[in-house]
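A quick write-up on the structure given underneath.
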Amino acid sequence: MSTTANDHGHDPNRPKHLAHHFETLGQQFDSGKLGIWVFLLTEVLFFSALFVAYTMYRSNYPEVFQYASQFLDTKMGAINTVVLLLSSFTFAWAVRNAMLGEKRKLMLNLLVTLVCAGGFMGIKYVEYSHKFHDGTLWGGNASTIFKADPAEIPAEIKEVSEAWNNPEGKFSVAVRDLDPAFRQKVGVFFGVYFCLTGLHGIHVMLGMILIIWLMMRTKRGDFGPTNFNAIDFGALYWHLVDLIWIFLFPLLYLIT
Amino acid sequence: MNLLNLLALPQSGAETFWFPSQASTGASRVDDLFYFIFYVSLFAFIAIVVATIIFSLKYSRSRVGMEPEDSPHHSTKIEIVWSVIPALFMVAMFWYGFKDFVDSKNPPVDAYQIEAVSQKWSWTFNYPNGAITTGGNPAIDEGEGLVIPVNKPVVVRLESTDVLHSFFVPAFRAKMDAVPGRYTYVWFEANEIGEFPLYCAEYCGSKHSRMLATVKVVSQEDFDTWAADAIDDSDLSPEERGKKLFAVKGCIACHSTAGVAGIGPALDGLYGKQETLVDGTKVAVDDNYIRESLLDPQAKVVEGYANVPMTSFAGQLDDDEISAIIAYLKSLN
Amino acid sequence: MSDHTHDSGEEHIGHVLPLSLLVKVFGGLVLLTALTVFTGTMNLHGWDLPVAMVIATSKASLVCLFFMHLKYDKPFNGMIFLLSVLFVGLFLAFVGYDAGQYQDDIKAYTIEHIGGE
Amino acid sequence: MAPSTNSLDRTHYLNATKGFRSWFMTIDHKRLGLMYLWSVVGCFILGGFFAMKIRWTLTPGVTDFMAQSVEQMNAYNNAFTVHGAVMIFLVIIPSIPAALGNFVLPIMLGVKDVAFPKLNRLSYHLWLIGALLFVATLFIGNLDTGWTFYPPYSTGHTDPSVITAVLGAFVLGFSSIFTGLNFIVTIHKMRPPGMTWFKMPLFLWAIYATAIIQVLATPVIGISLLLLLVEKTMNIGIFTPALGGDPVFFQHLFWFYSHPAVYVMILPGMGVMSELFATFARKPIFGYKSIAMSSIAIAILSFIVWGHHMFVSGQSETMSVIFSALTFSVAVPSAIKVFNWIATLYKGSIAFTTPMLYGLSIIWLFGIGGLTGMFHATLGTSVHLHDTYFVVAHFHFVMVGSALFGFIGGIFYWWPKMYGRMAEGALSKWGCLLSFVGFNMTFLPLFPAGSQGMPRRYAGYTEAAGFDSYNMSATIGSMVLALGLCIALYSLLRSFKHGEKAPANPWGGVTLEWQCESPPPEHNFDIDPPTVDNPYDMTLVEWRGQEEGFLPKNPRSDDKCIADIQQA
Ligand code: HEA
Ligand code: HEA
Ligand code: CUA
Ligand SMILES: [Cu+2]
């Protein structure tokens, strides 16, 4: 390397995707990698408050959580888990493609990842809209069937709530038989549920934007064996989103 | 406040530079601990400041020239010394602080129990015999405040109907937050007869600084007579009873009786008036309207107050009490 | 820095994972999901949560080690990740313990003011 | 070749390109540093305005307590909330790390920029957005929750200004996270060959420790505020007791960030202190390793003490005891630092320059601020002192007296590097002196006011309460303090025209930033990379008079460049 810094720009051996303030591609890659890992650490802590809320309420009101979890659809949750795992797999594959310079396969894998992500959100949407329809919502929402005072349940929800009160014994206790304090905490469960899955959903959507951006760059031919950082780092982010779901699924859907 | 008192040793009773008078059994322990930390800190502070000044004067560049003479750059021994010595003092601070704290949290079993309900911006104190006093905003309310017997441990169970408040009596060195949705406790044993300020020490909105009350410490005999008197409503007229309820039930938190709109409308001159509701209709204010306003406030909401619901008093006021309040409101015309 | 090299032109960065490995990991993950759904329907007498967490943690480790390349990466990156988990753990332990301690005051209040239990 | 006298006419980072865009869209860490600097100073003046409003309201005789109207009280509540929030989120947290850190860190490392220059720019732009949201709150409503935003007051009982304020703080959080992330990576991956961890200047250690806190703690305030926001707008019920939530839980979340955040404020200040004491005593810093490691210790330990803000909040007694004990553990590394700085003075050659005066003031001010922390950490006394002016005095001593004075000292120290002009002289020294005196007049009397029982966040007090004399002194003191700060600012601004031209190394520092010219060229170093040695071996440079400042004793020649040695 030449002795003065300022003629880096003219150095014919200098790879074009090496930024001016780095010495080598290795340094640039390592820096980016460290950076993304530190970012993932901030993400973990970002979610932490909600996990703490979850633990706090669950450990003190285990029976509430057990009861309320029945309202979640385990099948949908399980399908979504697999969908997300699949997307993680294709993204990991995409990183391999990028490293090997397989542009077509890279594009395809990114596309599959995107489709999975969309599928995940779609299923999530179905789940959410059921909940909104039934009024199985958080405590302060006017239409929740878990309002402390059953008299306050609006008419259009009454019907649904009667359904939840089914005598066939699908639920351990019918909603109307719950005491008010219990109802209130069920509202808290849904508060935690919506915050956790909502925040996770936002991360999935941000990830989708990221994937689209990566696809555009792939099309432009940006990536190759010495320049795949963006794909690699994007994948790391995506895996983290997957990781969080891996915990959310049993914590929310599988309480017995 | 004389500056020379800065170093004055703790005394019982009288006010010192640092503290108001010690009016509870716990106060002297807090003060002693405070002075212990104070003297340790003062010593450490003087040591570092004096060292800094001496070094600055002795080794100033104008005196020693540009290049200093050689001196060591580190010394593990001395590092250990100046970590361990402060650490030992800190262990002592922690230990005594911990012991005091445990005492201040564990009331004797025979303590006298009072329930304090806080709301914006006043206190309501419920006594075991059913007596109720209030204390709060000095501008509109001359509530009696908290009345307690001297030389008797008292536990105050705190609760809040709206936001966080904090029960703080500097003379007792006692403080505890009132947290909505749960109970908290504070206890003390007053050992001095007199009146002491009670502050709200947790920010609670506009009139946080007005949430003042007094703690009146009286002899046991005086207390007993007072408590017996306090539950005797028989000599009160319905208006007087209503006025008392108006304070005790916290209506004053939202309603002025002096024509100023607060969180809710002012209530003087209301009775018999035509009131405009949010939907534009008009209703006459009569007994039934007021009763409804108390039991189901959302049924008829006054124009301009659509966003601030009044809390329902259903279950909290019986018919007699409602009648007393109506009588009181009538008397405000 | 030790990894300071000067032949910036053709140096090799990153670690390519064989496709077969990726497939195996994915398969493992799906199996574990099936397992957790299965154990979730059983009554394990109080062991439900630990079992579910052990399974979830194994899944998470698979993702971390292979999909996220931690196995082949600089150990420091993995340490950062563990650090975050450690701090969340501390946070959780302190707050969780604290909340448990004062629940009685909440329950007493709830019974008196809302009713139930 | 060593840079000798400075010539402001040559091309350097300030005049390399021109125009608004060349600044606003720059990725040059030096320009970003300066933009942070001036933005922070602007916010400081805004926060200072509200401080004066607080002090004015509390002056005895100015407001009649009994006749105070609700509007007046609301205005007061708004004043301390905006004051606290602006000073914390917009001033003191970004002050040293983002402003000075950005400017100096890469140069101290002998590199051309931070690891992610674009992210750095994004940080600044996020900061701007956050600041704008805060300014918007001033017009949207009467923000009056206190800077702590405790529910259920903040969620249930106030106007929508809480929403913008909380959003603002949320965005600022990300700005802070990205800055920290950038610095961690830069320090890890870009140290020049030869600069081992223990050859790193202590300022970098401090910034590194700060960055650890920033990335670990700030996300938690982000999510807490976000939850507060949904709680307020959608009544989720996690914090609201009426819906079964727990308000104490919010306090846990809040302080899990906000306690470590106080060390985000002080650690960089301590880093500046270490540089100042070494340079102006012209002596290697005493106990380099202890100072470095104590920074890291403080950063880690700061995460397990947050509950000391909650001793009377309804937190369980057991937890309070644990938190109290842990709190003291942070005090030990702080003590180590103080003692090491003083030991550095011993047998030194101490120059009383303006930055050093700030440094010496900090010994006094941090001594008081830190030691009064002990009264709060001790359970027995803390219960009485909590939420009184004793706390207010404590935290102003540490935040204003130590962190902010450290910031200003740092500005004066690196000012010649930033602008190539000296801001040194009688005027700047008067600024420091007046600030010091005014500061003590303001906040010393507030200690006894607090222990006598004056609660904080009170819009007034009766005369009978007996707090008049303390408040009188505080008000007068705050005016002296304001005057001192204005003089300091004026002496800086004056130097643009009247300041002497600064040599590359006016003070005699041996950290790398003094090896490049003042002001630095666009890419920091014309020779690359600079030689790395013990950063505190003061014998490496010698005084050559006013014009040239300090110069290396054995100037290296170009052929001894490290890069070439390595290649060989
Ligand atoms: C820069 C910011 C900063 C710093 C550095 C500190 C430093 C410390 N703080 Fe402070 N603190 C705040 C900012 C800061 N604080 C703020 C903003 C609040 C209020 C927030 C609010 O409610 O709005 C607060 C409130 C606060 C409380 C809660 C008070 C209450 O509300 O009841 C407590 C309780 O423990 C506390 C403790 C400490 C301790 C133990 C230290 C220690 O780190 C200090 C260590 C230093 C020393 C001890 C001095 C040097 C050592 C020696 C000279 C050696 C000799 C020493 C001995 C022998 C003891 N602080
Ligand atoms: C870094 C943080 C910081 C800073 C610098 C200050 C500075 C000051 N503060 Fe503040 N303060 C807080 C943080 C800070 N404060 C916090 C967090 C609270 C709690 C809020 C709450 O309860 O929610 C608080 C609360 C608070 C209160 C208690 C209010 C109450 O509880 O009722 C008081 C009362 O006296 C006060 C006073 C002052 C004064 C007089 C100054 C003076 O030092 C200000 C002087 C500054 C100026 C007048 C501006 C002039 C500046 C220049 C001209 C620029 C100079 C620039 C350069 C030299 C580069 N502050
Ligand atoms: Cu009630 Cu402050
Ligand atoms: Cu703290």
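The sequence lines fix the lettering, A, B, ..., with proteins before strands; numbering per chain opens at 1. Here the structure is a predicted model, which is why all the values come from computation and not from measurement.
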Open item on the list: Nearest 0.5 Å, please: how far is CG in A/L254 from CG in C/D48?
Closed with: 9.5 Å
Task: Reported CZ-to-CD distance for the pair C/F81 and A/E43, which is rounded to 0.5 angstrom - done: 11.0 Å
Contacting moiety of [X], where chain A heavy atoms sit under 4.5 Å:
X     : answer
C/F66 : neither
C/T39 : neither
C/L21 : neither

Please classify the contact between [X] and chain C as side chain, backbone, both or neither, with a heavy-atom cut-off of under 4.5 Å.
X      : result
A/L40  : side chain
A/L240 : both
A/Y57  : neither

Is there side-chain contact between [X] and [Y], with at least one heavy-atom pair below 4.5 Å?
X      : Y      : result
A/F247 : C/K59  : no
A/W37  : C/M68  : yes
C/H69  : A/L236 : no

Task: Shortest non-hydrogen separation from C/M53 to A/P250 and the atoms involved - done: CE-CG, 4.1 Å
Task: Atom of A/Y61, atom of C/K107 and distance for their closest heavy-atom approach - done: CE2-CE, 3.8 Å
Greatest number of heavy atom pairs closer than 4.5 Å to chain C - which of [options]:
options                     : value
A/L85, A/D242, A/L243       : A/L85
A/A98, A/S59, A/S88, A/A78  : A/S88
A/I36, A/V44, A/N60, A/L251 : A/N60
A/V82, A/V38, A/L45, A/L86  : A/L86

- [ ] Would you mind telling me which of C/V23, C/I106, C/D98 has the largest number of heavy-atom pairs within less than 4.5 Å of chain A?
- [x] C/V23
Task: Partner chain A: residue of C/L17, C/L22, C/N77 with the largest heavy-atom pair count (under 4.5 Å) - done: C/N77
Open item on the list: Does C/V37 form a side chain to side chain contact (heavy atoms under 4.5 Å, CB included) with A/F249? I'd like the steps, not just the answer.
Closed with: CA-CA 9 Å; C/V37 172; A/F249 172 58; 3.7 Å; yes
TODO: Check step by step if side chain to side chain contact (heavy atoms under 4.5 Å, CB included) holds for C/L19 and A/W93.
DONE: CA-CA 7 Å; C/L19 185 56; A/W93 191 355; 3.3 Å; yes
Can you give me every donor-acceptor pair (side chain of residues 25-32 of chain C, partner residue at least two apart or in another chain, under 3.5 Å) with its distance?
none

Task: Stepwise side chain to side chain contact (heavy atoms under 4.5 Å, CB included) test for C/T57 and A/I246 - done: CA-CA 8 Å; C/T57 312; A/I246 287 179; over 6 Å; no
- [ ] Kindly indicate, with the supporting measurements, whether the criterion side chain to side chain contact (heavy atoms under 4.5 Å, CB included) is fulfilled by A/F182 and C/T110.
- [x] CA-CA 10 Å; A/F182 195 98; C/T110 317; over 6 Å; no
